[in-house]
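Numbering starts at 1 and runs along the sequence shown.
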Amino acid sequence: MTVTDSNLPHGRDSLTEDLRWRGLIQDSTGLDELRELLDGGSATFYVGFDPTAPSLHVGHLMQVTTARRLQLAGHRPLLLVGGATGQIGDPKESAERTLNPPEVVAGWVQRIHDQLSPFVSYIGENAAQLVNNLDWTGEMSVVEFLRDVGKHFPVNKMLAREVVRARLETGISFTEFSYQLLQANDFFELHRRHGCQLQYGGSDQWGNITAGVDYVRRRGAGPVEAFTTPLVTRSDGTKFGKTEGGAVWLDPNMTSPYAFYQFWVNADDRDVTRYLRYFSFRSREEIEALEKETAERPAARSAQRALAEELTTLVHGEREMAQAVAASQALFGRGSLDELTPETLRAALTEAGLVHLDALPDVAGLLRDSGLVPSLKEARRVIAEGGAYVNNTRVTEVDATVAPEDLLHGRYLVLRRGKRSFAGVELRG
């Protein structure tokens, strides 16, 4: 879904208070100043994304959807992809980062640029703009950097940063130590070139962000403000945005739209109400109604499905969302498998567990080979009791077989045991 100029509201009813209600402001340079900036007119703001991988992941959605939220309220986004900072790397507490080759970073910059495009509008008075900090950092000589930027940064303040203190014993390179200066200079350059008045980012960036605010002011520019959003966590202690298969990416070639949809559908009841406030563009009344329904009827998973449909549409489009919904229903016998595209069907079966076979045994053998039952004896018992399904059709003959024409898209079978256990088979060749 792309924001269009007609979507943008002409007025705002306390954007700052809405952000606070949603829990989107953790730290700020001053709530009164922030309120004056966000509720008093159209401001230019920026948020940055370093290209450390070929795609953004759901951990970036907080910043992406917040940018969209601010633009819908009338503000102008500058979406910065760090072609320069991505070659350096923000220090980690654990160890030095592996530096990626410049040509690799450049390729990732372009991919992330393209990935950010659907979330904001590039038309209208507050049209968004994509910017790359390599455009100004790459032109700067070492002497210019040290004289014009480094002069304004007391080393004792830089050493006081928590992540730097954590690395002093094990060692930190000057390369990573200088990252804060590069990010601070981004704010100054965006203020100078585009009139940027506001920066925001994740709460782990608060030290870098305030360094940028101080630097802009030390250079005699401003006023500028900043805030941070909270880091998204899970109630069970596991890391948000991770599954057994790894990170949940926004790139459909790295995480399928079906898997993306399922990530939100499977959100814990303890988490989903926070996720709604963070990520959804529904009204406060709609969100509170979903929160109430989750508390009263958790088995319905209304909040999870509402959030999954909204975010899958936002990231992947209406068609892919509809396919993901259709697949989640069809796999459990509540829809037609024939309506699923080969890509969606394969993605869904991969999530469930997809086995690859060179030839098709009988149905009992398929149940065993797919892992739905431990043995042929158990498979025959399940079939005899009416609990086995192939492509949502119940199989009742213990020696039943499948024909080539039964294969979906000429190569797939959906196997199900009972109501909720299913797996997939893909015939090779």
Asks: Cut-off 3.5 Å, side chains only: do Glu291 and Thr273 have a donor facing an acceptor?
Replies: no

Asks: Tell me, with the steps shown, if Asp236 and Arg234 meet salt bridge (Lys or Arg N to Asp or Glu O under 4.0 Å).
Replies: CA-CA 5 Å; Asp236 63 6; Arg234 276 177 163 168; 5.0 Å; no

Asks: Regarding Arg420 and the six-membered ring of Phe332, is the cationic atom NZ or CZ under 6.0 Å from the ring centre and inside 45° of its axis?
Replies: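 Yes, a cation-pi geometry.
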
Asks: Going from OG1 on Thr312 to OH on Tyr258, what distance comes out if it is rounded to the nearest 0.5 angstrom?
Replies: 11.5 Å

Asks: Do Phe49 and Val64 touch side chain to side chain, with heavy atoms closer than 4.5 Å?
Replies: yes

Asks: Is the side chain of Arg274 donor-acceptor paired with the backbone N or O of Thr233 at a distance under 3.5 Å, no angle test?
Replies: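 Answer holds: yes.
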
Asks: Check whether any side-chain heavy atom of Leu56 sits under 4.5 Å from a side-chain heavy atom of Leu116, and report yes or no.
Replies: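 Yes, close enough: below the 4.5 Å cut-off.
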
Asks: Angle class for the Phe279/Phe240 ring planes (parallel below 30°, perpendicular above 60°, tilted otherwise)?
Replies: parallel

Asks: Any chance you could lay out the side-chain hydrogen bond (donor to acceptor under 3.5 Å, both in side chains) test for Thr229 and Gln63, step after step, and finish with the verdict?
Replies: CA-CA 8 Å; Thr229 59; Gln63 312 314 332; 2.9 Å; yes

Asks: What are the two closest heavy atoms between Ile209 and Gly201, and how far apart are they?
Replies: CD1-N, 3.6 Å

Asks: As an exercise, state the distance from CG of Asp406 to CG of Leu360, rounded to the nearest 0.5 Å.
Replies: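 Going from CG on Asp406 over to CG on Leu360, the span is 9.0 Å.
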
Asks: Just so I know, are the side chains of Leu250 and Val58 near enough to count as touching, which here means a heavy-atom distance under 4.5 Å?
Replies: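 In short, these two side chains touch, coming nearer than 4.5 Å.
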
Asks: Indicate yes or no: at least one non-hydrogen side-chain atom of Leu413 is less than 4.5 angstrom from one of Leu407.
Replies: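 SC-SC contact between Leu413 and Leu407 confirmed.
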
Asks: Rounded at 0.5 Å granularity, tell me how far CG in Leu181 sits from OG1 in Thr85.
Replies: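 One finds 13.0 Å between CG of Leu181 and OG1 of Thr85.
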
Asks: Salt bridge (Lys or Arg N to Asp or Glu O under 4.0 Å): which pairs involve residues 186-211, sequence neighbours left out?
Replies: Glu189-Arg192, Glu189-Arg193

Asks: Applying side chain to side chain contact (heavy atoms under 4.5 Å, CB included) to Val355 and Val425, what does each step give before you reach the verdict?
Replies: CA-CA 5 Å; Val355 296; Val425 169; 3.7 Å; yes

Asks: List the steps and the verdict of salt bridge (Lys or Arg N to Asp or Glu O under 4.0 Å) for Arg76 and Glu125.
Replies: CA-CA 8 Å; Arg76 179 185 174 223; Glu125 293 182 0; over 6 Å; no

Asks: Distance-only, no hydrogens or angles: does the Ser370 side chain make a donor-acceptor pair with backbone N or O of Leu367 under 3.5 Å?
Replies: yes

Asks: Please check if the side chain of Gln304 supplies one atom and the backbone of Ala267 the other of a donor-acceptor pair under 3.5 Å.
Replies: yes

Asks: Just verifying a value: how many Å separate Leu357 CG and Arg428 CZ, rounded to the nearest 0.5 Å?
Replies: 7.0 Å

Asks: Taking everything shown except Glu309 itself, do over 12 heavy atoms lie less than 6.0 Å from its CD?
Replies: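 Enclosed: over 12 neighbouring heavy atoms sit under 6.0 Å from CD of Glu309.
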
Asks: Quick check: closest heavy atoms across Gly23 and Tyr278, and the distance to 0.1 Å?
Replies: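 Nearest pair, atom of Gly23 first, then Tyr278: O-CE2, 3.7 Å.
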
Asks: Please round to the nearest 0.5 Å and tell me the distance separating atom CD of Gln323 and atom OG of Ser256.
Replies: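 Result: 11.5 Å between the selected atoms.
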
Asks: Going through the checks in order, is the side chain to side chain contact (heavy atoms under 4.5 Å, CB included) test met by Trp108 and Asp50?
Replies: CA-CA 9 Å; Trp108 291 350; Asp50 272 349; over 6 Å; no

Asks: Can you see which heavy atom on Met62 is nearest to which on Leu24, and at what distance?
Replies: SD-CD2, 3.3 Å

Asks: May I ask you to decide if the ring planes of His57 and His60 are parallel, tilted or perpendicular, using 30° and 60° as cut-offs?
Replies: tilted

Asks: Test your reading of the model: is there a side-chain donor-acceptor pair from Arg305 to the backbone of Ala300, 3.5 Å cut-off?
Replies: yes

Asks: Do Glu176 and Ser173 get their side chains close enough for a donor-acceptor pair, meaning under 3.5 Å?
Replies: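 Short answer, no.
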
Asks: Can you tell me if Arg20 has over 12 outside heavy atoms packed within less than 6.0 Å of its CZ?
Replies: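 Incorrect, the count does not exceed 12.
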
Asks: How far does CD1 of Ile25 sit from CG of Leu34, to the nearest 0.5 angstrom?
Replies: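 Result: 5.0 Å between the selected atoms.
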
Asks: Taking the six-membered ring of Tyr389 as reference, does the NZ or CZ atom of Arg416 fall below 6.0 Å from its centre and within a 45° cone about the axis?
Replies: yes

Asks: Side chains of Asn391 and Tyr412: closer than 4.5 Å at any heavy-atom pair?
Replies: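 Sidechains of Tyr412 and Asn391: no contact.
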
Asks: Might you work through the side chain to side chain contact (heavy atoms under 4.5 Å, CB included) test for Gln183 and Gln199, ending with a clear yes or no?
Replies: CA-CA 11 Å; Gln183 183 171 322; Gln199 180 188 4; 3.3 Å; yes

Asks: Go through the steps to decide whether Gln329 and Val325 satisfy the test side chain to side chain contact (heavy atoms under 4.5 Å, CB included), and finish with yes or no.
Replies: CA-CA 6 Å; Gln329 294 174 342; Val325 173; 3.9 Å; yes

Asks: Ignoring hydrogens and angles, tell me if any N or O in the side chain of His409 forms a donor-acceptor pair with the backbone of Leu340 under 3.5 Å.
Replies: yes

Asks: Are any of the side-chain heavy atoms of Asp148 and Phe188 separated by less than 4.5 Å?
Replies: no

Asks: Classify the side-chain pair Ser28/Glu225 by whether it contains a donor and acceptor separated by less than 3.5 Å.
Replies: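 Absent: no donor and acceptor within the cut-off.
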
Asks: What I'd like to find out is whether the side chain of Met321 reaches to under 4.5 Å of the side chain of Leu311, using heavy atoms alone.
Replies: no

Asks: Charged N to carboxylate O under 4.0 angstrom, Asp114 versus Arg111?
Replies: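 Judged by the 4.0 Å cut-off on N to carboxylate O distance, Asp114 and Arg111 do not form a salt bridge.
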
Asks: For Val373, does its backbone N or O pair with a side-chain atom of Arg368 as donor and acceptor, under 3.5 Å?
Replies: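 No, the answer is negative, given that no donor and acceptor are paired below the 3.5 Å cut-off.
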
Asks: Please report the shortest heavy-atom distance between Glu144 and Glu139, naming the atom on each side.
Replies: OE1-O, 3.9 Å

Asks: Around Arg297, counting heavy atoms of other residues, nucleotides and ligands shown, do more than 12 lie under 6.0 Å from its CZ?
Replies: no

Asks: Judged by atom type as modelled, is there a donor-acceptor pair below 3.5 Å linking the side chain of Glu426 to the main-chain atoms of His356?
Replies: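 No, the answer is negative, given that no donor and acceptor are paired below the 3.5 Å cut-off.
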
Asks: Which atoms form the tightest heavy-atom contact between Gln115 and Ser55, and what is the distance?
Replies: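 For Gln115 and Ser55, the tightest heavy-atom pair comes out as NE2-OG, 3.1 Å.
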
Asks: Check Asp27 against Ser203 and note the closest heavy-atom contact, atom names and distance.
Replies: OD2-CB, 4.2 Å

Asks: Is Glu339 atom CD crowded by more than 12 heavy atoms from other residues, nucleotides or ligands, each under 6.0 Å away?
Replies: no

Asks: Is there a donor-acceptor pair under 3.5 Å between the side chain of Asn133 and the backbone N or O of Gly83?
Replies: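 Present.
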
Asks: Look at the rings of Phe177 and Phe174 and say which category their plane angle falls in: under 30° parallel, 30 to 60° tilted, over 60° perpendicular.
Replies: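 Correct class here is tilted.
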
Asks: If we only count heavy atoms from C-beta on, is the His113 to Val109 side-chain gap below 4.5 Å?
Replies: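 Side-chain contact under 4.5 Å: yes.
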
Asks: Indicate yes or no for a side-chain donor-acceptor contact from Arg217 to the backbone of Val224 under 3.5 Å, with no hydrogens or angles considered.
Replies: yes

Asks: Is the side chain of Thr255 donor-acceptor paired with the backbone N or O of Pro252 at a distance under 3.5 Å, no angle test?
Replies: no

